[in-house]
Engineer: 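I have a structure I would like to understand better, so I am pasting it below and will then ask my questions one at a time.
Remember, it's 1-based here, ligands and their atoms both numbered in the order they're listed.
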Amino acid sequence: MDDAEGFLRQKSQAVTESIDSKKWVWIEDKAEGYLSAKILEVNGETLSVEVNTGQRLTVKRDLTQQMNPTKYDKAEDMAALTYLNEAGVLNNLKQRYFSGMIYTYSGLFCVAVNPYRRLPIYTDKVVEMYKGKRRAEMPPHIFSITDNAYNEMLQERENQSILITGESGAGKTENTKKVIQYVATVAGTGETKSEKKQNLEDQIVQANPLMEAFGNAKTIRNNNSSRFGKFIRVHFGLHGKIAGADVESYLLEKSRVVSQTSEERNYHVFYQILTAADDQMKEKYLVTGKPEDYKFLSEGVARIDAVDDEEEWHATCDSMKTLRFTDEERGFLIKVVMAILHFGNVKFKQRPREEQAECPDTADAEKVAFLLGIQVADLVRSLLRPRIRVGHEYVQQGRNYEQVVSSVAALSKSLYDRMFKWLIARINKTLETKFSKNYFIGVLDIAGFEIFQVNLFEQLSINYTNEKLQQFFNHHMFILEQEEYKKENIDWEFIDFGHDLQPCIDLIEKKLGILSILDEESIYPKASDKTFIEKLKKNHDGKSPKFKLPKMSSKNKAHFEIEHYAGTVGYTVMGWLEKNKDPLNDSVVDLLRKSTDPIIASLFADHQPEGSRKKGSQFLTVSQLHKEQLEKLMVNLRNTTPHFVRCIIPNEKKKPGIIEANLVLHQLRCNGVLEGIRICRKGFPNRIIFSEFKQRYAILAPGAIPSGMFMDGRKAAAKLVDALQLEPNEFRMGTTKVFFRAGVIGRLEESRDEK
Ligand code: ATP
Ligand code: MG
């Protein structure tokens with residue numbers, strides 16, 4: 001591994017002062033999270049300590065956390081820590097991070113901290129090192145997770161999934177790409193490439209930059225932020241060779257298409273096309289001007305540091321070529337992008353004393369119509385005076401300025417969204433092969449739990465998703481534990497920790513839950529955000545354990561709160577009904593369905609005009625669609641062996657070498673790592689096989705096991721446990737191992753050190 005090695009595993013342990021964990025504790029600190037402190041004196045439950053800053057303090061013991069002995073420094077698997085507490089976890093991640101070791105296990109989780117610098121740990125040579133190795137044989141790495149999934153798939157003949165979550169900027173997409181890179185390298189078809197024919201593994205790899213051009217954007221948090229979730233399945237044949245792939249996308253952020261905050265951008269592709277257009281593109285697709293010239297780009301910034309949009313466009317085109325897009329298909333994408341930009345520039349005016357808008361200058365509308373393959377007169381008329389169904393008849397209805405501007409925005413967003421879905425479907429078409437598919441590895445790259453100042457419909461959707469994923473994790477962990485306990489014949493009453501999340505999930509998704517009330521209100525003509533809130537209160541206030549009304553003093557003007565596993569979130573109901581209904585100008589949609597460009601005409605094929613939307617009809621609200629997609633994902637995941645990766649953003653400066661303790665602790669809470677530890681502690685997290693137990697701890701009870709006499713492992717272990725006078729609830733005897741509650745091994749270790 002050469003230079004990679006230092007970043008993965010320490011060659012030699014630095015000599016540090018040996019920590020006697022009895023003499024040191026962690027104490028809470030607002031800025032640093034935890035500070036180490038030396039115990040000077042113990043007075044019952046009160047400790048006087050000297051903090052590493054030199055300051056002396058008196059603290060209650062239960063406000064401190066125990067410190068792990070030095071030998072656990074930079075532990076590769078935190079589940080092995082003697083003291084499994086927040087301070088220990090944070091400290092371990094921090095120490096490893098400062099040494100460039102960004103991956104760490106925590107039981108079933110692999111935690112990855114964004115290094116914000118290129119580390120030499122993803123080369124083909126490193127891929128080679130991880131091939132076929134068991135998890136414990138190699139330093140923690142996303143390659144190890146992937147390789148284990150791959151081998152488990154082949155050995156157990158089971159589908160696998162890798163679930164990657166984390167906040168924006170935490171590194172989910174980078175890690176997703178490493179998973180794909182790994183399987184493409186170790187399980188590629190090995191076909192040689194030629195000018196005309198690209199091999200399948202290249203096509204799978206190239207799908208990512210292409211999706212990023214259309215689905216990623218610069219945000220305050222991340223210069224390349226994915227504004228959609230995705231589940232990529234790579235399919236394999238019986239012998240483990242790649243046999244195809246498909247992608248499912250979730251919830252593209254549509255609002256970005258028409259507006260951005262001042263430090264952000266619209267989707268990358270807009271700037272790529274404007275910067276890179278050659279004469280032919282300019283003429284054919286009406287590409288003119290700079291980002292500042294377009295309303296839908298002018299609110300944000302135009303450039304990203306160290307990114308060359310022109311170069312990026314060439315890369316996007318290369319990806320399209322690799323994925324065998326035709327010129328027409330590429331042209332279609334450019335046309336929609338440019339049509340949206342020109343659409344935003346169409347000027348409307350309000351007629352004085354009339355509830356009617358007009359379009360005095362149709363120059364921009366002409367461009368839109370040209371690009372979309374429709375007639376400009378039809379477009380303008382449909383915008384200003386759409387045909388509305390009233391009973392069985394159609395009538396023309398005038399629209400005022402606000403209505404027209406808002407329907408232009410809705411149409412632009414919808415066009416982009418549908419183009420994006422088309423793009424995904426088109427990628428899938430290339431990645432679909434004739435090879436027989438026996439198994440898959442699915443990689444989920446989806447936004448983690450979000451708690452913002454103001455939490456809207458989007459946050460509820462993403463938090464609901466995470467609630468389901470966390471339940472899936474808890475359930476999986478419980479199944480594994482249960483299997484182990486059963487195998488070892490342990491007396492233990494099983495608790496499925498997945499059930500812990502059910503009340504919250506019910507509150508959101510069950511009959512008369514939040515989403516179904518939202519759907520009901522979305523159909524009812526006189527409903528508003530206000531009536532929705534009232535209905536929520538009526539059904540859930542004081543009735544659902546996870547539903548709360550915010551205290552009057554609440555600053556962020558939330559209307560209701562949900563107690564999620566990761567914390568209580570206040571939600572603000574603003575435009576929820578509109579977002580859920582997602583209304584469109586049906587007259588314009590009808591026009592688009594008759595576009596001379598067949599792909600554009602196909603985009604709205606499944607659109608249902610508003611007048612025909614009824615209860616029980618095929619029309620799905622945004623939340624119903626999401627729920628359906630999520631259910632499909634869960635079914636998919638339940639048929640896999642899951643592997644969990646939690647990405648952590650170390651600081652908000654996008655800089656290497658800085659750990660903001662509170663930011664990291666908050667994420668560990670939200671992403672289930674601490675929840676995993678909590679569950680762990682309820683069972684018997686430490687287990688040691690009999691012979692090892694005897695060998696290591698016999699010294700603590702000399703004479704308990706008669707020397708020179710044969711005694712089978714179980715008997716010897718039982719005698720030793722007896723002699724150590726452990727409480728009955730602190731351990732269980734299995735058939736091959738002794739199981740311990742959290743902390744017991746720590747005590748035994750301390751006594752051993754004293755000997
Ligand atoms: P979002 O939810 O906004 O899409 P994300 O979790 O997908 O965020 P990434 O786009 O993967 O975040 O990472 C953000 C940036 O952090 C990357 O563009 C890259 O600069 C850096 N980064 C993340 N992971 C790594 C890594 N393993 N090595 C080097 N740089 C990384
Ligand atoms: Mg991303």
Engineer: May I ask whether Gly166 has any heavy atom positioned less than 4.0 angstrom from an atom of ligand 1?
Structural biologist: no
Engineer: At less than 4.0 angstrom from any non-hydrogen atom of Asn224, what atoms of ligand 1 do you find?
Structural biologist: 10 (O)
Engineer: Below 4.0 angstrom from a heavy atom of Tyr116, which ligand 1 atoms are there? Numbered from 1 as shown, please.
Structural biologist: 16 (O)
Engineer: Under 4.0 Å from any heavy atom of Tyr122, which atoms of ligand 1 are there?
Structural biologist: 27 (N)
Engineer: If the threshold is 4.0 Å, N to carboxylate O, is there a salt bridge linking Lys468 and Glu631?
Structural biologist: yes
Engineer: Taking 4.0 Å as the limit for heavy-atom contacts, which would you say applies to Lys654 with ligand 1: side chain only, backbone only, both, or neither?
Structural biologist: neither
Engineer: Is the shortest distance from a heavy atom of Arg117 to ligand 1 less than 4.0 Å?
Structural biologist: yes
Engineer: Heavy-atom contacts under 4.0 Å between Thr173 and ligand 1: side chain, backbone, both, or neither?
Structural biologist: both
Engineer: Show which atoms of ligand 1 fall inside a sub-4.0 Å distance from at least one heavy-atom site of Ser225.
Structural biologist: 1 (P), 3 (O), 4 (O)
Engineer: The Mg ion (ligand 2) and Thr176: any N/O/S contact shorter than 2.8 Å?
Structural biologist: no
Engineer: Without swapping roles, check the side chain of Gln95 against the backbone of Asp73 for a donor-acceptor pair under 3.5 Å.
Structural biologist: no
Engineer: Please determine which of Phe644, Tyr105, Tyr130, Tyr150 meets the side chain to side chain contact (heavy atoms under 4.5 Å, CB included) test together with Ile145.
Structural biologist: Tyr105
Engineer: Go through Glu329 and Met320 one step at a time and tell me if the side-chain contact (heavy atoms from CB on, under 4.5 Å) criterion holds.
Structural biologist: CA-CA 9 Å; Glu329 289 167 335; Met320 284 196 234; over 6 Å; no
Engineer: Against ligand 1, does Ala170 come closer than 4.0 Å with any heavy atom?
Structural biologist: yes
Engineer: Out of Ala447, Gly229, Ser226, Cys647, indicate the one that has the non-hydrogen atom closest to atom 4 (O) of ligand 1.
Structural biologist: Ser226
Engineer: Below 4.0 Å from any atom of ligand 1, is there a heavy atom belonging to Arg118?
Structural biologist: yes
Engineer: Which ligand 1 atoms are under 4.0 Å away from a heavy-atom of Glu167?
Structural biologist: 6 (O)
Engineer: Taking 2.8 Å as the cut-off, does Ser226 contribute an N, O or S atom near the Mg ion (ligand 2), distance below it?
Structural biologist: yes
Engineer: What I want to find out is whether Arg221 reaches Glu652 closely enough, with some N-O distance under 4.0 Å, to be called a salt bridge.
Structural biologist: yes
Engineer: Can you tell me if CZ on Arg638 sees more than 12 non-hydrogen neighbours from other groups inside 6.0 Å?
Structural biologist: yes
Engineer: How far is atom 8 (O) of ligand 1 from the closest protein heavy atom, and which atom is that?
Structural biologist: Gly169 N, 2.8 Å
Engineer: Taking a cutoff of less than 4.0 Å between a non-hydrogen atom of the residue and any ligand atom, is Pro115 in contact with ligand 1?
Structural biologist: yes
Engineer: Can Glu212 and Lys177 be counted as an ion pair, charged N to O under 4.0 angstrom?
Structural biologist: yes
Engineer: Tell me which protein heavy atom sits closest to atom 16 (O) of ligand 1, plus the residue, atom name and distance to 0.1 Å.
Structural biologist: Asn114 ND2, 2.8 Å
Engineer: Any salt bridge linking Lys654 with Asp305? Criterion: basic side-chain nitrogen under 4.0 Å from a carboxylate oxygen.
Structural biologist: no
Engineer: Hey, are Glu128 and Lys131 close enough for a salt bridge, meaning a charged N less than 4.0 Å from a carboxylate O?
Structural biologist: yes
Engineer: Run the ring-centre check on His141 versus Tyr122 and record whether the distance is less than 6.0 Å.
Structural biologist: yes
Engineer: Among all protein heavy atoms, pick out the one at the shortest distance from atom 10 (O) of ligand 1; state its residue, atom name and that distance to 0.1 Å.
Structural biologist: Asn222 ND2, 3.0 Å
Engineer: Any idea which of Lys177, Lys172, Glu174 brings a heavy atom closest to atom 5 (P) of ligand 1?
Structural biologist: Lys172
Engineer: For the residue pair Asn428 and Asp246, confirm or rule out a side-chain donor-acceptor distance under 3.5 Å.
Structural biologist: no
Engineer: Would you call Thr185 and Phe143 a side-chain contact if the rule is heavy atoms closer than 4.5 Å?
Structural biologist: no
